[in-house]
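These numbers come from a predicted model, not from an experiment.
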Amino acid sequence: MAEARGRSGGRLGRKPGGRAGPGAGRRTGRRTGRRAGLLQGVRAYGLIVGMWIRSTVVYRTSFVLTTVGGVVVTGLDFVGIALMFSHVDVLAGHTLAEVAFLYGLSMVSFGIADLALGSMDRLGRRVRDGTLDTLLVRPVPVLAQVAADRFALRRVGRLLQGLCVLGWAVASLDVVWTVPKLLLMPVTVVSGAAIFCAVFVAGAAFQFVAQDASEVQNAFTYGGQTMLQYPPVVFTQELVRGVTFVLPLAFVNWVPASYVLGRPYPLDLPQWAAFAAPPVAVVCCALAGLAWRTGLRSYRSTGS
């Protein structure tokens, strides 16, 4: 009896009459398999990233110099914004501290995603020269291998620079910080990073078809992050609609920042939209995962 209960999954999936449904075991097996595959991918990603980090810190001076250089180079973007405000008091009704807040939120979220998945744009090169085949024969999820390929710890400079600007902006804003606003800050950063990660994965999946589309991918990742540095009122309504309802980058900072700053919402969105970033991020990640699986199944190697 115990053995029969074990094979049928106990009470899980039983029909009212006491029998297990014919698809219950298969559904449970699929869920277990997905969970195991996810854990295997995370573990493999961590091991590969750890290998690249160890190889990087061997040359400590080089790592420090490249990281500092990354902070300086990315910081020039904000220097340009600050210089612009030396000639004007406000930009589309926003002060320097408010624009810095938008800049910091987008830069920190993008910095996390770029550090974790910035190597995804190498996929097109692997598809063209056939080296992706070597990843397919390994007993490790391909996405984990591609994401961790040549992990560049120096990208942490972008994240550090964004944190500095965000910290200054928060200290300079004339905002009454309530509990919901304080809680919204980390939620927005994590959700924004997940949205950018989804864009990285979806862009990589597109390279299965285009093969030479890294610049197209960069237009939506690096280009999207640059656009989010400025208030939405600077751009046309059509563009704002596109990055709100088609590629929802607006939920990285524009929408939640409107709640924090007390500004009108883009496109007159409802008030609750400021807290919609987490479900938007979940949907984006699910769609990106579907696009990745579809692209990987369509891969037919180079034929060489």
query: Checking side chain to side chain contact (heavy atoms under 4.5 Å, CB included) for the pair Leu267/Phe245: CA distance, chi angles, key distance, verdict?
result: CA-CA 11 Å; Leu267 306 176; Phe245 301 113; 3.4 Å; yes
- prompt: Out of curiosity, does Leu228 fall in the hydrophobic cluster containing Phe85 (side-chain heavy atoms, cut-off under 4.5 Å, transitive links)?
  reply: yes
- prompt: Between atom CZ of Arg297 and atom CH2 of Trp292, what is the distance when rounded to the nearest 0.5 Å?
  reply: 12.5 Å
query: Roughly how far, to the nearest 0.5 Å, is CG of Leu132 from OG1 of Thr134?
result: 7.0 Å
statement: So CG of Leu163 and CG of Leu159: to nearest 0.5 Å the spacing works out to 4.5 Å
task: Decide whether Val42 and Ile48 are clustered together by the hydrophobic rule: side chain heavy atoms of Ile, Leu, Val, Met, Phe, Trp, Tyr closer than 4.5 Å, transitively.
output: no
query: Where do Asp114 and Tyr222 land on the side chain to side chain contact (heavy atoms under 4.5 Å, CB included) test, with the steps shown first?
result: CA-CA 9 Å; Asp114 187 45; Tyr222 294 92; 3.0 Å; yes
Heavy-atom pair of closest approach, residues Ala147 and Leu117: CB-CD2, 3.2 Å
- prompt: Can you tell if the side chain of Phe275 reaches within under 4.5 Å of the side chain of Val187, non-hydrogen atoms only?
  reply: no
Sidechain-backbone polar pair: Gln161 side chain, Val71 backbone, donor-acceptor under 3.5 Å: no
- prompt: Among the clusters formed by ILVMFWY side chains lying less than 4.5 Å apart, do Val127 and Phe206 turn up in the same one?
  reply: yes
field: Verdict with supporting geometry, Leu91 and Met84, side chain to side chain contact (heavy atoms under 4.5 Å, CB included)
entry: CA-CA 9 Å; Leu91 175 64; Met84 178 175 58; 3.7 Å; yes
- line: For Arg155 and Ser119 the tightest heavy-atom approach is NH1-OG, 3.7 Å
query: Do the side chains of Val243 and Phe235 get nearer than 4.5 Å, heavy atoms only?
result: no
task: Might you point out which heavy atoms bring Met107 and Gln229 nearest each other, and give the distance in Å?
output: CE-NE2, 4.2 Å
- prompt: If you measure from the Lys or Arg side-chain nitrogens to the Asp or Glu carboxylate oxygens, is any gap between Arg126 and Asp149 under 4.0 Å?
  reply: yes
- request: Report, as yes or no, whether the 6.0 Å neighbourhood of atom CZ on Phe220 holds more than 12 heavy atoms from other residues, nucleotides or ligands.
  value: no
- prompt: Which value, rounded to the nearest 0.5 Å, describes the distance between Asp89 atom CG and Leu96 atom CG?
  reply: 10.5 Å
message: Quick check: do Leu296 and Leu136 have side-chain heavy atoms less than 4.5 Å from each other?
response: yes
field: Residues that Glu238 engages under side-chain hydrogen bond (donor to acceptor under 3.5 Å, both in side chains), provided they are two or more places apart
entry: none
- request: Flag the pair Tyr265 / Tyr259 as yes when their ring centroid distance falls below 6.0 Å, and as no otherwise.
  value: no
message: Check for me, please, whether Val170 and Leu184 land in the same ILVMFWY cluster - side-chain distances under 4.5 Å, paths through other members count.
response: yes
query: Looking only at atom types and distance, does a side-chain atom of Ser62 sit under 3.5 Å from a main-chain N or O of Tyr59, one as donor and one as acceptor?
result: no
- request: Just do the side chain to side chain contact (heavy atoms under 4.5 Å, CB included) check on Arg125 and Thr131 with the steps written out, would you?
  value: CA-CA 8 Å; Arg125 189 182 311 167; Thr131 56; over 6 Å; no
task: Taking the side chain as every heavy atom from C-beta outward, state whether Ile53 and Thr56 have any atom pair closer than 4.5 Å.
output: no
field: Contact summary for Gln207 and Gly124, nearest pair of heavy atoms
entry: OE1-N, 2.7 Å
- prompt: How long is the span from the CG atom in Leu261 to the CZ atom in Phe101, to the nearest 0.5 Å?
  reply: 5.5 Å
task: With sequence neighbours left out, write down each residue that passes salt bridge (Lys or Arg N to Asp or Glu O under 4.0 Å) with Arg241, or none if nothing qualifies.
output: none
field: No-hydrogen, no-angle side-chain donor-acceptor test under 3.5 Å, Tyr103 and Glu98
entry: no
field: Min side-chain heavy-atom separation Trp168-Cys164 under 4.5 Å
entry: no
query: Would a distance-only check, ignoring hydrogens and angles, find a side-chain to backbone donor-acceptor pair under 3.5 Å from Ser191 to Thr188?
result: no
query: Is any side-chain heavy atom of Pro264 less than 4.5 Å from a side-chain heavy atom of Ser258?
result: no
Heavy-atom pair with the smallest gap, counting every atom of Phe251 and Ala276: CE2-CB, 4.1 Å
task: Can you spot which of Val280, Leu105, Ile195 makes a side-chain contact (heavy atoms from CB on, under 4.5 Å) with Val252?
output: Ile195
Side-chain touch Thr95/Val99, heavy atoms, less than 4.5 angstrom: no
- prompt: Would a distance-only check, ignoring hydrogens and angles, find a side-chain to backbone donor-acceptor pair under 3.5 Å from Trp254 to Tyr230?
  reply: yes
query: At their closest point, which heavy atom of Ser109 faces which heavy atom of Gly192, and how far apart are they?
result: CB-C, 3.6 Å
query: Are Phe196 and Val190 grouped together when hydrophobic residues (ILVMFWY) are joined by side-chain heavy atoms under 4.5 angstrom apart?
result: no
- line: Those residues at least two apart in sequence (or on a different chain) that pass salt bridge (Lys or Arg N to Asp or Glu O under 4.0 Å) with Asp121 are none
- request: First locate atom SG of Cys284, then atom CG of Leu249, and finally report the distance between them rounded to the nearest 0.5 Å.
  value: 8.0 Å
message: Is there a side-chain contact between Leu166 and Met185 in this structure, where contact means two heavy atoms from C-beta onward sitting under 4.5 Å apart?
response: yes
